[in-house]
Amino acid sequence: MNLVSLVMPFGVFVALLAAVGLYCLIVTRDMLRVILALEVITKAVTLLLIVGGLVSGHMALAQAFVITLIVIEVVVIVAAAGIVIAVYKHTGTLDIRRLRNLKG
Amino acid sequence: MDPTFLKQQLLMNIILMGAMLLGALATVMLRQLVKAAIALAFTSVVLCVVMFKLNAPWAAVFELSVCAGLITVVFISAVSLVKPATEEERAAHIRFKTRRYFLLPLVLLLVGVGLSYVTGQPLPLPAAEPAGTELRSLLWGPRALDLLGQVLVLLAGVWGVVMLFKEEK
């Protein structure tokens with residue numbers, strides 16, 4: 001058993017995490033839950049970057065990318081939460097199917 | 001390295017990953033959004049432990065403080081600005097969940113089994129970065145322009161927070 005086989009299960013779990021997030025993103029109708037699904041997918045990507053850094057031996061670079069990812073993630077979440085609250089104040093619901101004012 | 005030690009590490013990694021996957025499942029499946037946000041914070045904490053184990057302490061600190069702390073606070077604040085669900089909406093959610101999420105275990109099983117075949121072959125290890133390459137030199141050296149972009153993105157985030165909690169006139 002070497003280092004690569006030690007981190008190999010991480011690859012499977014990264015895909016499983018991404019699958020959970022993507023599945024929720026596809027089936028949910030609640031706008032706040034869409035943000036949660038995005039967060040779960042981001043966790044998978046964060047883990048993938050760290051495992052990539054470990055396997056390639058470029059851990060410092062991987063950490064720099066993860067810090068950048070976290071900064072962008074938090075801004076995306078805050079902006080998305082602001083949009084959801086604004087939409088809720090406007091329409092009175094979190095149901096994503098009600099957002100069809102621009103539907104042709 | 002000692003094979004027994006490596007096996008113990010592998011078992012520990014799988015336990016941590018299992019906890020993280022359970023946290024992610026709870027995040028997407030729990031009915032109450034506050035509990036879902038707490039489950040997300042739990043997922044972040046487990047990810048932080050994994051990062052520490054994989055020798056990435058700086059990223060782990062950021063993950064713990066920002067993802068498990070700040071994002072949870074922002075999310076719970078957003079949930080508190082929304083009216084709680086009525087009994088009818090709760091019943092509809094339970095019906096919706098059982099109807100829509102019944103495929104999720106099957107999807108996870110297929111992805112897991114499929115990938116266990118794909119990732120069976122070990123990858124060749126590329127050359128490691130030269131000794132002395134530190135995070136701060138990488139952050140402030142070749143990626144200094146990225147930091148400027150991050151500052152601008154953070155300012156956009158602050159603007160988002162201001163808009164989130166703006167009082168209506």
Side-chain angles (χ1 to χ4, degrees), chain A residues 1-13 15-17 19-21 23-24 27-30 32-33 35-37 39-40 43 46-47 49-51 53-64 66-68 70-75 77-79 81-82 84-86 88-89 94, chain B residues 3 6-7 9-10 13-14 17 21 24-25 27-28 33 36 40 43 47 50-51 54-56 58-59 62-63 66-67 70-71 74-75 78-79 81-82 100-101 104 107-108 111-112 115-116 119 122-123 125-129 133-135 138-139 143 146 150 153-154 156-157 160-161 163-164:
Chain A
M1 186 180 284
N2 58 9
L3 176 69
V4 177
S5 56
L6 189 67
V7 296
M8 204 59 91
F10 284 117
V12 177
F13 277 105
L16 291 178
L17 273 177
V20 169
Y23 194 92
C24 179
V27 302
T28 192
R29 293 163 185 170
D30 188 328
L32 284 173
R33 217 168 276 277
I35 302 178
L36 283 176
E39 267 286 300
V40 171
K43 299 281 170 260
T46 308
L47 184 61
L49 280 173
I50 291 295
V51 173
L54 181 76
V55 172
S56 65
H58 298 82
M59 187 50 93
L61 187 62
Q63 287 192 85
V66 167
I67 290 171
T68 308
I70 288 172
V71 169
I72 292 173
E73 174 189 355
V74 71
V75 172
I77 297 302
V78 167
V84 168
I85 295 301
Y88 178 76
K89 283 180 181 167
L94 289 174
Chain B
L6 282 176
K7 275 182 186 168
Q9 290 297 310
L10 181 65
N13 287 346
I14 288 175
M17 287 292 96
L21 191 61
L25 280 171
T27 303
V28 300
L33 284 167
L40 183 67
T43 311
L47 179 59
V50 171
M51 284 175 171
L54 296 183
N55 201 20
W58 288 101
F62 268 80
E63 177 72 27
V66 177
C67 294
L70 180 64
I71 287 182
V74 166
F75 201 81
V79 172
L81 292 174
V82 175
R100 290 288 178 121
Y101 281 94
L104 184 55
V107 170
L108 290 183
V111 172
L115 278 172
S116 63
T119 57
L123 300 168
L125 281 174
E129 59 198 6
T133 308
E134 291 179 3
L135 178 64
L138 271 171
L139 269 181
R143 300 189 65 244
D146 291 6
Q150 283 187 48
V153 169
L154 272 176
V161 173
M163 295 306 288
L164 186 59

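To find a chain, count down the sequence lines: A is the first, B the second, and so on, and within it residues start at 1. Only this structure's heavy atoms are used, side chains among them; waters, hydrogens and symmetry mates stay out.
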Mind listing the closest non-hydrogen atom pair of [X] and [Y] along with its distance?
X: F75(B); Y: L32(A); value: CZ-O, 3.4 Å
X: W58(B); Y: Q63(A); value: N-OE1, 2.9 Å
X: A78(B); Y: A81(A); value: CB-CB, 4.1 Å

Largest heavy-atom contact set with chain A, pairs under 4.5 Å, which of [options]:
options: L33(B), V79(B), I14(B); answer: L33(B)
options: N55(B), L21(B), L154(B); answer: L21(B)
options: L25(B), L54(B), T43(B), V50(B); answer: L54(B)

Indicate yes or no: at least one non-hydrogen side-chain atom of M59(A) is less than 4.5 angstrom from one of L54(A). yes
May I ask you to test the I71(B)-E73(A) pair for a side-chain heavy-atom distance under 4.5 Å? yes
For chain B, the option from [options] that forms the most heavy-atom pairs under 4.5 Å:
options: T68(A), V66(A), L94(A); result: T68(A)
options: V75(A), I35(A), V40(A); result: V75(A)
options: D30(A), L36(A), I50(A); result: L36(A)
options: T46(A), L47(A), I77(A), V51(A); result: L47(A)
options: Y23(A), F10(A), Y88(A); result: Y23(A)

For V82(B), is it the side chain, the backbone, both, or neither that has a heavy atom closer than 4.5 Å to a heavy atom of chain A? both
Is chain A contacted by the side chain of V153(B), its backbone, both, or neither, given a heavy-atom distance below 4.5 Å? both
Reported CG-to-CG distance for the pair L61(A) and L49(A), which is rounded to 0.5 angstrom: 9.5 Å
Could you measure the distance from the NZ atom of K43(A) to the CG atom of L17(A)? Nearest 0.5 Å is fine. 10.0 Å
